[in-house]
Each structure stands twice: as C-alpha cells, then as structure tokens.
Amino acid sequence: MFYVVTYDVATDTKEGQRRLRRVAQACEGYGQRVQKSVFECVLDQTRYVELVHRLGDVIRRDEDSVRIYRTQDFTRNSLVVLGKDLGLHLDSPWTV
C-alpha cells in the first residue's frame with residue numbers, strides 16, 4: 001500500500017530538535033523524502049505497523065503531530081507536481 005507521512009515537530013527546544021531528527025531518521029528507513037517533512041512510502045501491513053509504533057515512540061503527543069495518509073496509488077495519472085519532482089519513481093528499480 002502507498003502512504004504519505006507528514007510531520008510537524010515542535011523544535012523550540014534542543015529536545016524538540018532531537019525529536020525532529022529522530023522522526024526523519026525513522027521515516028528514511030521506510031520511504032523516500034519528497035519535502036522537508038514529507039515522505040512517500042510503499043509498505044506492507046507489517047512495515048506500516050512498525051513505522052507507526054516507531055514514530056509513536058519518538059514524538060511527544062502533546063507537542064508534535066504526525067499524519068499518515070493511505071493513498072490508492074502514486075502513478076503519474078494521480079499526481080500533480082509543481083516544481084522539482086522528488087517523489088517516487090515507480091517505473092525504475094527500487095533499492096530498499
């Protein structure tokens with residue numbers, strides 16, 4: 001299944017800046033960064049659950065926000081990109 005992960009981490013403290021890095025590192029293990037706080041991921045159910053638990057362990061629920069959107073596909077027919085396209089390229093081989 002295809003997912004878009006977005007996050008907003010409070011970075012007004014050193015601890016918040018550390019959490020921001022940890023959230024990004026967690027997402028890098030599961031997908032491709034397409035904007036500073038947006039990742040596109042292709043995950044099976046097990047990897048999805050792993051990602052959700054990992055992110056839940058990193059964030060502070062009273063200060064931070066993570067949103068995960070499940071999408072039908074990331075085909076060129078369902079995507080409009082304005083500017084530089086950094087998204088998933090499903091026509092080429094993937095390295096995981």
Side-chain angles (χ1 to χ4, degrees):
M1 186 63 63
F2 303 98
Y3 297 91
V4 175
V5 180
T6 67
Y7 53 89
D8 182 25
V9 177
T11 59
D12 49 343
T13 65
K14 291 278 187 194
E15 178 189 344
Q17 294 168 7
R18 215 172 8 258
R19 283 195 319 273
L20 177 65
R21 283 191 302 276
R22 291 177 64 204
V23 167
Q25 289 169 345
C27 290
E28 285 172 350
Y30 292 87
Q32 179 177 349
R33 183 189 298 258
V34 293
Q35 292 183 354
K36 289 190 180 209
S37 59
V38 180
F39 282 79
E40 293 176 352
C41 308
V42 178
L43 306 170
D44 61 21
Q45 186 65 24
T46 302
R47 300 266 298 155
Y48 170 77
V49 170
E50 288 173 3
L51 176 60
V52 169
H53 285 291
R54 187 166 177 193
L55 292 172
D57 290 343
V58 171
I59 68 166
R60 285 197 53 183
R61 294 176 189 264
D62 60 330
E63 293 184 21
D64 307 328
S65 174
V66 174
R67 299 173 69 92
I68 302 173
Y69 299 93
R70 183 173 39 209
T71 66
Q72 293 299 316
D73 58 30
F74 282 144
T75 64
R76 292 287 166 216
N77 297 331
S78 66
L79 177 65
V80 174
V81 176
L82 303 175
K84 189 173 183 180
D85 184 4
L86 301 174
L88 296 174
H89 299 285
L90 299 178
D91 299 336
S92 59
W94 278 46
T95 304
V96 180

Do Val23 and Asp64 have side chains that get closer than 4.5 Å, going by heavy atoms? no
Correct closest heavy-atom pair for Thr71 and Met1 would be O-SD, 3.5 Å
Approximate separation, where rounding is to 0.5 Å, of Arg22 CZ and Cys27 SG: 12.5 Å
Under the side-chain contact (heavy atoms from CB on, under 4.5 Å) criterion, do Leu55 and Val5 qualify, and how do the steps go? CA-CA 10 Å; Leu55 292 172; Val5 180; 4.2 Å; yes
Specify the closest pair of heavy atoms between Phe39 and Arg33, including all atoms of both residues, with the distance to one decimal. CD2-N, 3.3 Å
Roughly how far apart are Asp12 CG and Glu63 CD, rounded to 0.5 Å? 6.5 Å
Rounded to the nearest 0.5 Å, what separation is found between the CZ atom of Arg18 and the OG1 atom of Thr13? 8.0 Å
Here's a test for you: under side chain to side chain contact (heavy atoms under 4.5 Å, CB included), which of Thr46, Val52, Leu51, Asp44 qualifies with Tyr48? Val52
Give, for atom OG of Ser37 and atom OH of Tyr7, the distance between the pair rounded to the nearest 0.5 Å. 5.5 Å
Please report the shortest heavy-atom distance between Gln17 and Thr11, naming the atom on each side. NE2-O, 3.4 Å
To the nearest 0.5 Å, how far apart are CD in Gln25 and CZ in Arg54? 8.0 Å
Working to the nearest 0.5 angstrom, can you tell me the gap between Tyr30 OH and Leu43 CG? 8.5 Å
Indicate the atoms forming the closest heavy-atom contact of Val9 with Arg19, along with that distance. CG1-CB, 4.0 Å
Shortest non-hydrogen pair, Cys41 vs Gly31, comes out as SG-CA, 3.7 Å
Looking at every non-hydrogen atom in both residues, tell me the closest pair between Gly29 and Arg47 and how far apart they are. O-NH2, 2.9 Å
